[in-house]
Amino acid sequence: MRQKVRQIVDATLHALKARGDIAFDIIPPYAVELPKNLEHGDWACNVAMVMSKAVGRKPTELADALIANLVDPHSVVVSVERAGPGFLNFRLADVVFQRVVSEVLAAGVQFGRRPPRSTGRKVMVEFVSANPTGPVHIGHARGAFMGDAIARLLDAAGHDVTREFYINDYGKQVETLGRTVHKRYRELFGEAVTLAEGEYPAEYVIDIAKTWRAEVGDTYLRRPEAEWLPAAIEVGTRENLKAIKATLAKANISHDVFFSEASLHASGAVRSIVDVYKARGVTYEAAEGRRKDNKEKVRDADSKAAQYADRQLGGTFLMTATWQDEKGKTPLKDEEDRIILRADGTPVYLTADLAYHKAKFDRGFDLCVDVFGADHAGHVPRIQSGMHLLGIDPKMLEFVLVQLVRITRGGEEVKVSKRKGTLFELADLIDEAGADVCRFIFLMKTRDAQFDFDLDAVTRQSKDNPVFSFQYGHARCASILKKAVEKGMPFVGAAAVTDAHLARLVLPEEKMMLKKISQLPDVVASAADRLEPHHVLYFCQELIGDFHAYYTQYRTDPIIGDDPVKTQGRLALVAALKQTLQCAFRILGIEAPEHMEAPADEG
RNA sequence: GCGCCCGUAGCUCAGCUGGAUAGAGCAUCGGCCUUCUAAGCCGAGGGUCGUGGGUUCGAGUCCCGCCGGGCGCGCCA
């Protein structure tokens with residue numbers, strides 16, 4: 001529907017240009033939007049204001065010229081008025097609204113989506129990427145749901161999407177896991193053990209040790225560390241990954257690829273990227289990294305940097321901050337060059353991550369989206385710089401940083417600490433609140449907003465739980481269609497709906513819903529573009545609110561009424577709405593229930 | 001100290017990349033079930049969009065300064 005208005009505006013502009021009334025090269029982007037105020041018509045357009053400077057005419061004059069010369073061969077427009085500072089307020093013919101029903105029903109589950117893989121763009125979304133040293137906990141939840149929804153959204157927008165999980169199965173942390181597993185393993189054979197600082201005290205490690213014992217018996221009790229450690233790491237990461245995958249499945253989250261960091265070391269990719277950088281002349285050997293602004297490091301004495309200063313022995317640095325382009329400018333955003341090889345020649349985490357991102361682009365992705373928690377924000381400019389230094393267009397790499405979430409229960413913050421073993425697992429949260437509720441709460445917010453996740457409100461299963469009335473909108477559609485069958489007036493179906501049926505959709509509430517329904521493709525496209533799933537959620541919320549109001553207001557003139565033609569028209573609207581919600585829910589990853597039972601009244 | 005993010009109704013948050021009278025949910029108060037599920041609807045109250053400047057036809061939205069909160073600033077991953 002919006003497109004029809006656009007076509008008319010574009011055609012009119014070109015007609016005015018052809019007549020020599022105005023001159024322009026290209027039509028700048030302008031908005032065709034739903035006005036909040038019904039008096040402002042069905043659709044409002046700001047093109048006259050946007051273009052007024054370019055064509056050297058006052059907005060109001062340009063608006064008048066457009067109105068006077070409107071190109072509308074199919075009589076889509078009933079009226080158009082100039083209002084305010086130069087808005088064009090369009091009213092469209094009822095039939096344009098009614099046609100939305102047919103369009104939705106014809107599109108079916110594809111409504112709102114572009115054809116699969118139709119954009120020709122290969123996109124990767126990397127998300128969760130929780131360390132395989134423990135289960136997925138509540139701190140991962142937001143990024144997990146966000147990443148999954150972004151992947152669904154990009155898929156709906158017609159891109160070829162790969163969902164990936166990067167496994168940090170290399171380095172000190174998994175080594176610590178291996179040592180903890182081995183200690184717990186020895187403990188199972190009666191040995192008294194004490195965990196060292198930094199080792200993982202939580203129970204799941206004991207479970208892993210039990211699994212290990214069941215598999216290998218006492219094999220690794222008296223072997224040298226060089227033998228038991230790799231085996232302990234293997235079983236530890238494997239079992240943790242198994243648990244991680246089980247939790248994600250519970251959350252309706254899936255990945256296509258689990259990519260191992262260790263494999264990058266094994267294949268030599270980590271070594272080779274250092275050579276690539278050296279060949280490009282963007283590295284140097286030094287005792288410490290150069291800083292962009294030449295200022296001294298000013299940090300708190302108890303900062304980690306100061307704390308670990310004695311371990312910083314120099315090595316090979318990558319010019320993530322101080323690299324200069326041909327013009328002598330330093331366009332990279334990092335504030336300090338980063339080490340990629342320690343003094344002893346071993347690579348650091350960043351080196352592997354750079355190799356990983358290079359590998360992504362080598363695999364042919366046009367866009368890589370990384371979903372990180374805000375606590376990894378410092379990592380972003382290094383990877384960006386590193387890719388820039390490989391000659392990769394920075395636009396091909398996007399970071400979605402989700403802010404941290406404060407979990408509260410009984411008004412108090414729930415502290416989570418892997419070190420202390422006080423984990424709050426995502427699996428437990430889902431058991432307690434339900435996958436859809438969790439997902440909904442996390443997706444309701446923009447990624448930049450910090451927020452408090454109130455466990456009491458969510459687990460109470462009461463009406464302050466937003467997802468229920470939301471899903472009830474879909475269930476109500478389903479229920480009405482079912483009721484129509486029971487009453488002997490079943491919906492004739494998408495193929496049999498006639499213009500005569502749809503012509504009975506003339507109520508302002510019906511037209512409003514149809515207007516909004518017609519917007520789903522736009523909402524999806526724009527949300528995908530911005531990597532912001534919450535727009536789809538708020539779209540649903542508005543539509544559902546309209547529907548509940550419509551339903552209640554016309555209880556005395558019900559959808560299933562005495563007039564069979566009108567009934568069919570309204571059932572078609574309900575079917576189209578149900579289809580719209582189903583499509584939108586799928587993009588969000590929320591279930592669209594056919595039926596919901598009202599809870600028993602309390603008190 | 002430096003960098004990034006946030007500050008909008010009592011609470012939790014939207015606000016479609018600068019548009020018309022700033023919205024939703026929850027909470028509070030008052031109404032609506034012999035009808036297609038009341039997990040719903042209608043109505044009311046509730047705002048100096050943290051603050052002070054600037055940019056322009058027009059600012060919650062863009063720029064600068066301040067105030068308040070969060071996160072980060074490791075040769076851990």
Side-chain angles (χ1 to χ4, degrees), chain A residues 31 33-37 40 44 46 49 52 58-59 83-87 131 133 168 170-174 198 261 288-289 293 295 297-300 303-309 311-315 333 335-336 338-344 346 348-350 352-353 373-381 401 403-404 406 441 444-446 448-452 454 457 461-466 468-473 475-476 479-484 486-487 522-523 526-527 530 534-535 537-539 541-542 545 548-549 551-553 555-556 558-561 574 595-599:
Chain A
E33 51 194 3
L34 290 182
K36 289 165 223 162
N37 191 332
H40 295 146
N46 67 352
M49 281 126 73
S52 91
K58 282 185 185 168
F87 285 101
N131 276 346
T133 53
N168 299 130
Y170 182 93
K172 210 167 277 181
Q173 293 189 6
V174 285
E261 180 188 358
E288 63 179 37
D293 50 14
K295 277 187 238 165
K297 280 189 201 179
V298 182
R299 285 172 177 158
D300 297 336
S303 81
K304 287 174 188 165
Q307 207 173 320
Y308 293 96
R311 298 187 200 169
Q312 302 181 4
L313 304 170
K333 290 194 180 115
E335 46 190 36
E336 180 181 344
R338 303 291 163 181
I339 195 159
I340 52 172
L341 284 184
R342 298 185 182 98
D344 64 3
T346 57
V348 299
Y349 175 77
L350 174 65
D353 215 6
D375 52 340
H376 285 70
H379 204 53
V380 170
L401 293 176
Q403 291 295 315
L404 301 187
R406 228 174 112 238
I441 304 263
M444 259 180 16
K445 280 82 178 173
T446 58
D448 289 333
Q450 303 159 207
F451 72 99
D452 293 351
D454 184 357
Q461 296 262 327
S462 65
K463 43 193 310 190
D464 52 345
N465 198 327
F468 287 122
S469 78
F470 199 88
Q471 292 184 315
Y472 180 48
R476 177 167 260 177
S479 166
I480 289 168
L481 291 169
K482 213 178 298 164
K483 199 73 177 184
E486 286 168 20
K487 289 194 172 181
D522 294 324
V523 171
S526 130
R530 302 167 55 173
H534 73 275
H535 295 295
L537 191 151
Y538 282 95
F539 166 85
Q541 183 167 287
E542 259 190 59
H548 284 314
Y551 173 93
T552 308
Q553 188 176 339
R555 293 186 76 150
T556 50
I559 292 165
I560 306 164
V574 172
H595 180 76
M596 286 174 82
E597 209 54 65

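In what follows, every chain begins at residue 1, and chains take the letters A, B, ... in the order their sequences are listed.
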From C-beta outward on [X], which listed nucleotide comes closest to its side chain: [options]?
{"X": "A:Glu335", "options": "B:rC36, B:rC2, B:rU35", "result": "B:rC2"}
{"X": "A:Pro558", "options": "B:rC16, B:rC36, B:rU37", "result": "B:rC36"}
{"X": "A:Lys172", "options": "B:rA20, B:rC76, B:rG40", "result": "B:rC76"}
{"X": "A:Tyr538", "options": "B:rU37, B:rA14, B:rA20", "result": "B:rA14"}
{"X": "A:Tyr551", "options": "B:rC41, B:rC36, B:rC16", "result": "B:rC36"}
{"X": "A:Arg530", "options": "B:rA20, B:rC41, B:rC16", "result": "B:rC16"}
{"X": "A:Ile480", "options": "B:rC36, B:rC5, B:rC2", "result": "B:rC36"}

Hey, does the side chain of [X] come within less than 4.0 Å of [N]'s phosphate (OP1/OP2), counting only N and O?
{"X": "A:Ser479", "N": "B:rU37", "result": "yes"}
{"X": "A:Ser469", "N": "B:rG40", "result": "yes"}
{"X": "A:Thr446", "N": "B:rA14", "result": "yes"}
{"X": "A:Arg555", "N": "B:rU37", "result": "no"}

Item to complete: Compare all side-chain heavy atoms of A:Tyr349 with those of A:Gln173 and state whether any distance is below 4.5 angstrom.
Response: no

Discussion item. Measuring only between side-chain heavy atoms, which start at C-beta, is A:Gln403 closer than 4.5 Å to A:Lys445?
Written reply: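 When only atoms from C-beta onward are counted, A:Lys445 and A:Gln403 do not touch, as no gap falls below 4.5 Å.
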
What contact category does [X] fall into here, base, sugar-phosphate, or nothing, at under 4.0 angstrom with non-hydrogen atoms?
{"X": "A:Asp375", "answer": "sugar-phosphate"}
{"X": "A:Ala374", "answer": "sugar-phosphate"}
{"X": "A:Lys487", "answer": "sugar-phosphate"}
{"X": "A:Ala44", "answer": "base"}
{"X": "A:Ala527", "answer": "nothing"}
{"X": "A:His534", "answer": "sugar-phosphate"}
{"X": "A:Thr346", "answer": "nothing"}
{"X": "A:His535", "answer": "sugar-phosphate"}
{"X": "A:Glu261", "answer": "sugar-phosphate"}

Practice prompt. Only counting residues at least two apart or in another chain, list the ones meeting ring-ring contact (aromatic ring centres under 6.0 Å, His included) with A:His376.
Written response: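 Expected list: A:Phe372.
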
Apply side chain to side chain contact (heavy atoms under 4.5 Å, CB included) to [X] and list each qualifying residue two or more places apart in sequence or on a separate chain.
{"X": "A:Lys333", "value": "A:Pro381"}
{"X": "A:Ile339", "value": "A:Phe317, A:Val348"}
{"X": "A:Lys172", "value": "none"}

Could you tell me the separation between the [atom1] atom of [X] and the [atom2] atom of [N], rounded to a whole number of Å?
{"X": "A:His548", "N": "B:rG43", "atom1": "NE2", "atom2": "P", "result": "16 Å"}
{"X": "A:Leu34", "N": "B:rU21", "atom1": "CG", "atom2": "P", "result": "18 Å"}
{"X": "A:Leu404", "N": "B:rG69", "atom1": "CG", "atom2": "P", "result": "17 Å"}
{"X": "A:Leu537", "N": "B:rA24", "atom1": "CG", "atom2": "C1'", "result": "11 Å"}
{"X": "A:Arg476", "N": "B:rA38", "atom1": "CZ", "atom2": "P", "result": "5 Å"}
{"X": "A:Phe87", "N": "B:rC57", "atom1": "CZ", "atom2": "P", "result": "16 Å"}
{"X": "A:Leu341", "N": "B:rG74", "atom1": "CG", "atom2": "C1'", "result": "17 Å"}
{"X": "A:Ile339", "N": "B:rG74", "atom1": "CD1", "atom2": "C1'", "result": "11 Å"}

Worksheet item: Who are the side-chain hydrogen bond (donor to acceptor under 3.5 Å, both in side chains) partners of A:Asn46, not counting sequence neighbours?
Response: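 Partners of A:Asn46 under the side-chain hydrogen bond (donor to acceptor under 3.5 Å, both in side chains) test: none.
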
Practice prompt. With rounding to the nearest 0.5 Å, note down the distance linking OG in A:Ser526 to CZ in A:Phe539.
Written response: 12.0 Å

Worksheet item: Is the base of B:rC71 syn or anti, where syn means the angle lies within 90° of 0?
Response: anti

Worksheet entry | Chi class for B:rU17: syn within 90° of 0, otherwise anti | syn

Practice prompt. Let me know, please, whether A:Val348 or A:Ala549 comes out on the 5' side of the other along RNA chain B by nearest nucleotide.
Written response: A:Ala549

Practice prompt. Could you say whether A:His379 or A:Ala475 is positioned toward the 5' end of RNA chain B, judged by the nucleotide with the nearest heavy atom to each?
Written response: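 Result of the comparison: A:Ala475.
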
Discussion item. Between B:rG72 and A:His376, is there a base-stacking contact, meaning the centre of the base's six-membered ring lies under 5.5 Å from the residue's ring centre while the planes stay under 30° apart?
Written reply: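 The base of B:rG72 is not stacked with A:His376 (the test needs centres under 5.5 Å and planes under 30°).
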
Item to complete: Give a yes or no on whether a donor-acceptor pair under 3.5 Å exists between the nucleobase atoms of B:rC76, that is its base, and the side chain of A:Gln173.
Response: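 Such a pair exists between side chain and base.
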
Item to complete: Runs of at least three consecutive Watson-Crick or G-U pairs, both distances under 3.5 Å, are what I'm after; which ones involve RNA chain B?
Response: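 Listed by first number, the stems are B:1-7 with B:67-73, B:10-13 with B:23-26, B:28-32 with B:40-44, B:50-54 with B:62-66.
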
